[in-house]
Amino acid sequence: MEVASGERPALVPVQGIPLIRYFAENWPLVEDFQARPDDVVICTYPKSGTTWLSEMLDMIYQDCDAQRCQRAPLHLRVPFLEFAVPDAPTGLETLSQAPPPRLIKTHLPVELLPSSFWRQGCKVLYVSRDPRDVAVSYYHFYRMAPVHPHPGPWPHFLEEFLDGKVSYGSWFTHVKGWWAKAATHPVLCLRYEDMKEAPSQQLNRVLTFLGRTLPPGGATAILAATSFTTMKANPKVNYTALPRTVMDHAVSPFLRKGEVGDWMNLFTVAQAEAFDARYQELMAGVEGPPIHPS
Ligand code: A3P
């Protein structure tokens with residue numbers, strides 16, 4: 001895999017979905033990935049709470065022991081399926097070393113998830129977030145993660161986001177596809193806003209879905225370890241262990257604000273109205289994420 005010299009690499013479509021160039025180059029191997037029945041998948045459109053849920057799940061599977069979750073950076077504990085950048089192990093390579101049950105992170109839209117996950121009946125936890133906050137978070141992420149194209153000025157990036165011309169394509173198509181999948185496959189749909197408002201309630205939904213129970217004091221330990229403040233200060237989850245060529249925290253930290261409604265600080269009134277109109281058009285008839293797994 002060649003390092004893009006100087007310029008940021010353009011996105012490359014895979015079955016019509018724009019992906020980070022290095023991810024697209026690695027695609028044939030990802031498509032052939034062989035899932036195990038006990039693999040647990042954490043899936044989101046980027047910037048929707050993946051890192052948060054990943055740490056929560058590792059805490060659950062490590063008996064709520066925060067020290068055990070210090071054993072390695074998060075991207076090694078919860079490998080990122082389609083991840084590939086020059087001079088670093090791919091997500092697939094990391095997964096090949098991971099002991100079962102494997103926790104696997106992905107941002108793939110439903111139609112791109114390797115078919116072995118469906119054949120094996122793997123459980124999927126899907127988090128969605130207010131797309132206006134996603135757009136703002138994604139803009140700052142594009143700025144700090146040079147494996148993406150330059151985001152350009154905010155108004156330009158917002159247009160690209162609405163047109164699905166960003167990495168992983170359209171937010172609208174992504175959430176609609178995954179929410180619909182919950183009717184026929186074990187997909188637990190969570191919302192970032194619910195996790196902020198009532199984290200212990202959402203933790204209980206996760207535990208029920210996974211068929212897990214916690215040791216005494218476990219829920220308290222999980223909520224403490226996965227608070228925004230704790231995670232932001234934790235070098236094993238805040239991605240500061242990655243090279244600057246992948247993420248430059250001097251430009252913008254990965255754990256940036258962790259708030260609901262930050263979009264109001266960046267959107268103009270006209271942008272908010274245009275966003276609403278597009279939302280109404282593209283989400284017509286869609287009520288929101290299903291509450292119960294099938
Ligand atoms: P902001 O950029 O709005 O701060 P992902 O992990 O899917 O890439 O999502 C990243 C977003 O989730 C960032 O949003 C990040 O700050 C936020 N986040 C990560 N951990 C969090 C936590 N424990 N509580 C709340 N938000 C969190």
Side-chain angles (χ1 to χ4, degrees), residues 35-44 48-81 94-95 97-106 117 120-129 178 182 185-241 253-260 289-294:
R36 298 168 43 106
D38 56 353
D39 286 340
V40 175
V41 181
I42 297 160
C43 180
T44 64
S48 303
T50 335
T51 312
W52 188 4
L53 185 63
S54 299
E55 182 69 354
M56 192 181 276
L57 255 62
D58 194 42
M59 278 291 284
I60 292 172
Y61 282 85
Q62 297 299 323
D63 294 329
C64 309
D65 184 340
Q67 279 312 313
R68 277 167 62 181
C69 293
Q70 289 288 315
R71 70 193 182 285
L74 188 61
H75 67 278
L76 300 181
R77 292 181 279 132
V78 183
F80 181 7
L81 179 68
T94 308
L95 271 166
Q97 312 285 322
R102 302 181 296 189
L103 305 176
I104 305 179
K105 159 185 163 178
T106 182
F117 285 104
Q120 300 286 14
C122 299
K123 289 184 178 175
V124 180
L125 296 97
Y126 184 78
V127 194
S128 59
R129 184 182 188 186
W178 276 104
H185 191 87
V187 179
L188 178 70
C189 294
L190 298 155
R191 297 191 324 157
Y192 180 95
E193 291 75 17
D194 295 338
M195 289 166 64
K196 286 287 289 188
E197 196 183 314
S200 61
Q201 199 181 12
Q202 297 309 307
L203 172 60
N204 283 335
R205 290 185 67 214
V206 168
L207 292 167
T208 305
F209 177 70
L210 295 173
R212 310 277 308 192
T213 50
L214 300 179
T220 308
I222 291 177
L223 297 181
T226 58
S227 77
F228 180 77
T229 319
T230 305
M231 283 183 53
K232 188 174 171 67
N234 180 353
K236 291 293 192 321
V237 291
N238 64 17
Y239 290 115
T240 49
F254 184 93
L255 278 101
R256 197 180 55 90
K257 288 192 178 175
E259 289 169 3
V260 173
I291 302 298
H292 298 292
S294 53

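Reckoned from all heavy atoms, side chains included, excluding hydrogens, waters and symmetry mates. A quick note: this is a predicted structure, and the numbers were derived from the prediction, not measured.
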Item to check | Any pair counted as ring-ring contact (aromatic ring centres under 6.0 Å, His included), so long as it reaches residues 50-77, sequence neighbours left out | outcome: Trp52-Tyr192

Checklist entry - Residues two or more places apart in sequence or in another chain: which of them pass side-chain hydrogen bond (donor to acceptor under 3.5 Å, both in side chains) with Thr208? => result none

Item to check | Under 3.5 Å donor-acceptor, Lys232 side chain and Leu255 backbone | outcome: yes

Item to check | Stepwise side-chain contact (heavy atoms from CB on, under 4.5 Å) test for Ser200 and Leu223 | outcome: CA-CA 7 Å; Ser200 61; Leu223 297 181; 3.8 Å; yes

Checklist entry - Can you tell me how far CZ of Arg36 sits from CG of Leu95, rounded to the nearest 0.5 angstrom? => result 11.5 Å

Item to check | Contacts of type side-chain contact (heavy atoms from CB on, under 4.5 Å), residue Ala219, not counting sequence neighbours | outcome: Leu203, Leu214

Next on the checklist: Counting C-beta onward and ignoring hydrogens, is there a side-chain heavy-atom pair between Arg129 and Arg191 closer than 4.5 Å?
Outcome noted: no

Next on the checklist: Would Val237 and Thr226 count as a side-chain contact (heavy atoms from CB on, under 4.5 Å) here? Give the steps.
Outcome noted: CA-CA 10 Å; Val237 291; Thr226 58; over 6 Å; no

Next on the checklist: By the definition side chain to side chain contact (heavy atoms under 4.5 Å, CB included), identify the one residue from Val124, Leu125, Leu210 that meets it with Leu188.
Outcome noted: Leu125

Item to check | Check: Val127 and Met195 side chains under 4.5 Å, non-hydrogen atoms | outcome: yes

Checklist entry - For Ala66 and Met59, which heavy atoms make the closest approach, and how far apart are they? => result CA-SD, 3.7 Å

Checklist entry - Listed by chain and number, what are the salt bridge (Lys or Arg N to Asp or Glu O under 4.0 Å) partners of Asp65, not counting sequence neighbours? => result none

Checklist outcome for this item: Between the CD1 atom in Ile222 and the CG atom in Asp58, the distance rounded to the nearest 0.5 Å is 10.0 Å

Next on the checklist: Going by the rule side-chain contact (heavy atoms from CB on, under 4.5 Å), which residues pair with Lys236 if we only count those two or more places apart in sequence or in a different chain?
Outcome noted: Gln70, Pro73, Arg77, Asn234

Checklist entry - Roughly how far, to the nearest 0.5 Å, is the CD atom of Gln201 from the CG atom of Asp194? => result 7.5 Å

Checklist entry - Taking C-beta and beyond as the side chain, do Val187 and Cys189 meet within less than 4.5 Å on heavy atoms? => result yes

Checklist entry - Roughly how far apart are Asn204 CG and Phe209 CZ, rounded to 0.5 Å? => result 15.0 Å

Checklist entry - Considering all heavy atoms of both residues, which atom of Ala225 and which atom of Glu55 are nearest to each other, and what is their separation? => result O-CG, 4.4 Å

Checklist entry - Do the side chains of Met231 and Asn238 get nearer than 4.5 Å, heavy atoms only? => result no

Item to check | Validation row: Leu57, Val78 side chains within 4.5 angstrom (heavy atoms) | outcome: no

Item to check | Side chain Thr230, main chain Ala224, donor-acceptor under 3.5 Å | outcome: yes

Checklist entry - Hey, what do you get for CG (Leu190) to OH (Tyr126), rounding to the nearest 0.5 Å? => result 11.5 Å

Item to check | Residues which pass side-chain contact (heavy atoms from CB on, under 4.5 Å) with Ala35, listed by chain and number, not counting sequence neighbours | outcome: Phe33, Asp39, Ser116, Phe117, Gln120, Cys122

Checklist entry - Quick one: does Lys196's side chain have a donor or acceptor within less than 3.5 Å of a partner on Gly258's backbone? => result yes

Checklist outcome for this item: When every non-hydrogen atom of Cys64 is compared with those of Ala221, the smallest separation belongs to O-CB, 3.7 Å

Item to check | Reported OG-to-CD distance for the pair Ser48 and Glu193, which is rounded to 0.5 angstrom | outcome: 9.0 Å

